[in-house]
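The structure appears below as structure tokens.
Quick note on labels: first sequence line is chain A, next is B, and so on, each numbered from 1. Side chains are part of it too, since the values below use all heavy atoms of this structure and drop only hydrogens, waters and symmetry mates.
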There are 2 protein chains.
Amino acid sequence: MTALTAAELDSKRIEQKIKQIEVSHFVEEVGLIFEAVGLPRMAGRIFGWLLIANPPHQSMGDLVEVLQASKGSISTMTRLLIQISLIERVSLPGQRRDYFQIKPHAWSQLTQQRMTQITAFRQLAERGLNLLSDQPPQLRQRLQEMHDMHAFLEKRCPYWISDGNKNNNG
Amino acid sequence: MTALTAAELDSKRIEQKIKQIEVSHFVEEVGLIFEAVGLPRMAGRIFGWLLIANPPHQSMGDLVEVLQASKGSISTMTRLLIQISLIERVSLPGQRRDYFQIKPHAWSQLTQQRMTQITAFRQLAERGLNLLSDQPPQLRQRLQEMHDMHAFLEKRCPYWISDGNKNNNG
DNA sequence: AGCTTTGTTCAGTAAGTACTGAACATTCCA
DNA sequence: TGGAATGTTCAGTACTTACTGAACAAAGCT
């Protein structure tokens, strides 16, 4: 195979630079969206990197290096991500290091957590309706709406999870 | 009509005390659940009170008194709630004061916002898939799952909003 | 006009979050 | 055994959030 010309090498270097910037932006973007849903940004950045990393499992040292973060931060945030079932810790034969990777069906877990939140809203609406049990219907309508909407969503949540997984396997 | 006995009066007072405590708990609970979804607790407390208040419209002074909060806080948080379409400002004839009340179909708005978040996740997954466009399918599966799950939810969201409203009108 | 009422603005501050990195604990290797 | 590698813990700190309440602006009343 013929060697690349200097121009071709330059072009490849530029492509790689662009790729690195895109990767960095992607990782930061996942961080921001995690922040938007109430999770720490660093947890999102870890998750973002694990979504695209090759190999898909990364050690703490890898994460420290790639994300330019402290070991303490990576340690705390990886344990948070494990706790909320988005990543898992894996060990490799003959390796002292722990490795982290995206948990299979992580999104089902996240959807489950969204469902838990909907249930909390529905339950709160029921408590509110109890408080207004002696009031006329017009005064209860605010809570009835809240209740009905969330009871409706709650009823369909399980199908979201199961249908969503079928799509993945289909 | 015959006057209540002292014992009956005592019993009613106790009932009212219990009711007040339940109301306070409800309001604080809504505050906590708002906090859990990334909104300020005070916004939740305002919303919680407006869910059960009689009359359903309350002035700033009412909110300051009931919630034992500063005018500055109530001012800032009511404007936040208006901005995210959960409450609205109403004026009453011959009244100088502004009043706030739960916006009709507020929950459709909140569901809309949930959908926006799902769209953001799906779009991010697409960006990630683009980054890994030259990689084998096993490496892309993490992002494919994220994409498929959110594309699936996104497709159904509009029906949940419209079906949820139908339930309310039915 | 002055006064009162009402809602907004924002400086100040308390509290909470989340990050760093040193110290430490654990495990493995020579 | 001592040293190296790895991950955890936590004191310290920077930063952010969100609350208070005084000062202010606007509007209505007398």
Can you measure [X] atom [atom1] to [N] atom [atom2] for me and round it to whole angstrom units?
| X | N | atom1 | atom2 | answer |
| --- | --- | --- | --- | --- |
| B:Ile82 | C:dT8 | CD1 | P | 8 Å |
| A:Gln95 | C:dT27 | CD | P | 18 Å |
| A:Lys71 | C:dA23 | NZ | P | 12 Å |
| B:Ile74 | D:dA18 | CD1 | P | 14 Å |
| B:Arg89 | C:dT8 | CZ | C1' | 10 Å |
| A:Arg79 | C:dA18 | CZ | P | 15 Å |
| A:Leu81 | C:dA18 | CG | C1' | 14 Å |
| A:Gln83 | D:dT8 | CD | C1' | 16 Å |

Is it true that B:Arg122 and B:Glu126 make a salt bridge, defined as a side-chain N closer than 4.0 Å to a carboxylate O?
->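 B:Glu126 and B:Arg122: salt-bridged.
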Do B:Glu88 and B:Gln101 meet the criterion of a side-chain donor-acceptor pair at a distance under 3.5 Å?
->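 The criterion, which ignores hydrogens and geometry beyond distance, is satisfied for B:Gln101 and B:Glu88.
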Answer yes or no: is there a side-chain heavy-atom contact under 4.5 Å between A:Leu153 and B:Trp107?
->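 A side-chain contact is absent here, since even the closest heavy-atom pair is not under 4.5 Å.
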Minimum side-chain heavy-atom gap A:Gln83-A:Leu80 below 4.5 Å |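 A side-chain contact under 4.5 Å exists here.
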Would you indicate, yes or no, if C:dT20 has its OP1 or OP2 atom less than 4.0 angstrom from a side-chain nitrogen or oxygen of A:Ser73?
->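 Result: yes.
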Is the phosphate of D:dG7, meaning OP1 or OP2, less than 4.0 Å from a side-chain N or O of A:Ser75?
->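 No, no such contact exists.
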Honestly, is A:Arg114 close enough over B:Phe121, meaning NZ or CZ under 6.0 Å from the six-membered ring centre and within 45° of the axis?
->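 Flagged: A:Arg114 positioned over aromatic ring of B:Phe121.
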Can you run down the salt bridge (Lys or Arg N to Asp or Glu O under 4.0 Å) pairs that involve residues 40-50 of chain B, sequence neighbours left out, and say none if there aren't any?
->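 Those involving residues 40-50 of chain B are B:Glu28-B:Arg45, B:Glu35-B:Arg41.
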For A:Arg96 and A:Gln68, take the nucleotide of DNA chain C holding the closest heavy atom to each; which residue's nucleotide lies nearer the 5' end?
->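 It is A:Gln68, whose closest nucleotide lies nearer the 5' terminus.
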For residues 32-66 of chain A, which residues have at least one heavy atom under 4.0 Å from DNA chain D?
->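 By residue number: A:Met60.
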Identified side-chain contact (heavy atoms from CB on, under 4.5 Å) counterpart of A:Trp49 within the set A:Val30, A:Val23, A:Asp62 =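 Of the listed options, the one satisfying the test is A:Val23.
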